[in-house]
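Below is one structure, written out as structure tokens; the observations come after it.
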Amino acid sequence: FQHRRVAGADVYFLARWEEAFRGDVSFPHDTTRPELWDADPGSMRTLTPRSVAAGRTTIPLALKKNDSQILLFPRPPTTQTRITHEEVFR
């Protein structure tokens, strides 16, 4: 796999070049629901974690031989929108 942190999310590129894989995988995230993106058909679905504990999310994953998918963990916004007095009473 490859991991990249982008604005607002952690992204994992998952690939299986040899035999197929089916099992549980664990990632170091516990605050968001993961999204599985499949570029071939252009689909995206939110996954239901098998468990979330001790700062890790475990999900069921199935990859066929020569298959790849993108797993995205959206991060919550780090700043809050502030409404100022001037914006309200303009």
Side-chain angles (χ1 to χ4, degrees):
F1 74 89
Q2 291 288 328
H3 172 250
R4 181 168 296 234
R5 180 170 263 185
V6 297
D10 282 280
V11 180
Y12 294 85
F13 174 74
L14 309 170
R16 187 69 179 182
W17 304 123
E18 297 170 5
E19 61 190 48
F21 172 82
R22 180 178 295 275
D24 288 346
V25 290
S26 177
F27 294 89
H29 304 282
D30 67 352
T31 59
T32 61
R33 293 189 54 142
E35 298 173 0
L36 190 64
W37 294 21
D38 191 338
D40 193 29
S43 64
M44 184 279 292
R45 64 186 171 102
T46 301
L47 299 176
T48 301
R50 177 114 38 234
S51 68
V52 178
R56 299 194 69 86
T57 297
T58 301
I59 60 166
L61 182 69
L63 290 171
K64 297 178 239 169
K65 181 180 178 179
N66 298 323
D67 193 13
S68 64
Q69 296 190 1
I70 297 168
L71 184 64
L72 187 109
F73 285 88
R75 285 194 305 271
T78 56
T79 59
Q80 294 180 350
T81 303
R82 284 186 57 197
I83 299 174
T84 64
H85 181 271
E86 291 78 20
E87 288 171 313
V88 173
F89 295 101
R90 222 185 285 184

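- Contact detail for Asp30 and Gly55: the closest heavy-atom pair is OD2-CA, 3.5 Å.
- Sequence neighbours left out, not one pair with a member in residues 63-72 passes salt bridge (charged side-chain N to carboxylate O under 4.0 Å, His left out).
- The CD atom of Gln69 sits 4.5 Å away from the CG atom of Asp38 when rounded to the nearest 0.5 Å.
- No chain of hydrophobic side-chain contacts below 4.5 Å, direct or via other Ile, Leu, Val, Met, Phe, Trp or Tyr residues, connects Trp17 to Val25.
- Applying the salt bridge (charged side-chain N to carboxylate O under 4.0 Å, His left out) definition to pairs two or more places apart or across chains, those involving residues 5-14 are Arg5-Asp10, Asp10-Arg75.
- The distance from the OG atom of Ser68 to the CG atom of Leu63 is 8.0 Å, given to the nearest 0.5 Å.
- Rounded to the nearest 0.5 angstrom, Ile59 CD1 and Arg50 CZ are separated by 9.5 Å.
- Residues satisfying the side chain to side chain contact (heavy atoms under 4.5 Å, CB included) test with Arg22, not counting sequence neighbours, are Ala62.
- Of all the heavy atoms in Asp24 and Pro60, the pair that sits closest is OD1-CA, 3.6 Å.
- Ring geometry, Phe27 versus Phe73: the interplanar angle falls from 30° to 60°, so the pair is classed tilted.
- At a threshold of 4.5 Å between non-hydrogen side-chain atoms, the residues Leu71 and Leu47 count as touching.
- Contact check for Tyr12 versus Ile70: no side-chain heavy atoms found under the 4.5 Å cut-off.
- With a 4.5 Å cut-off on side-chain heavy atoms, Arg33 and Thr48 count as touching.
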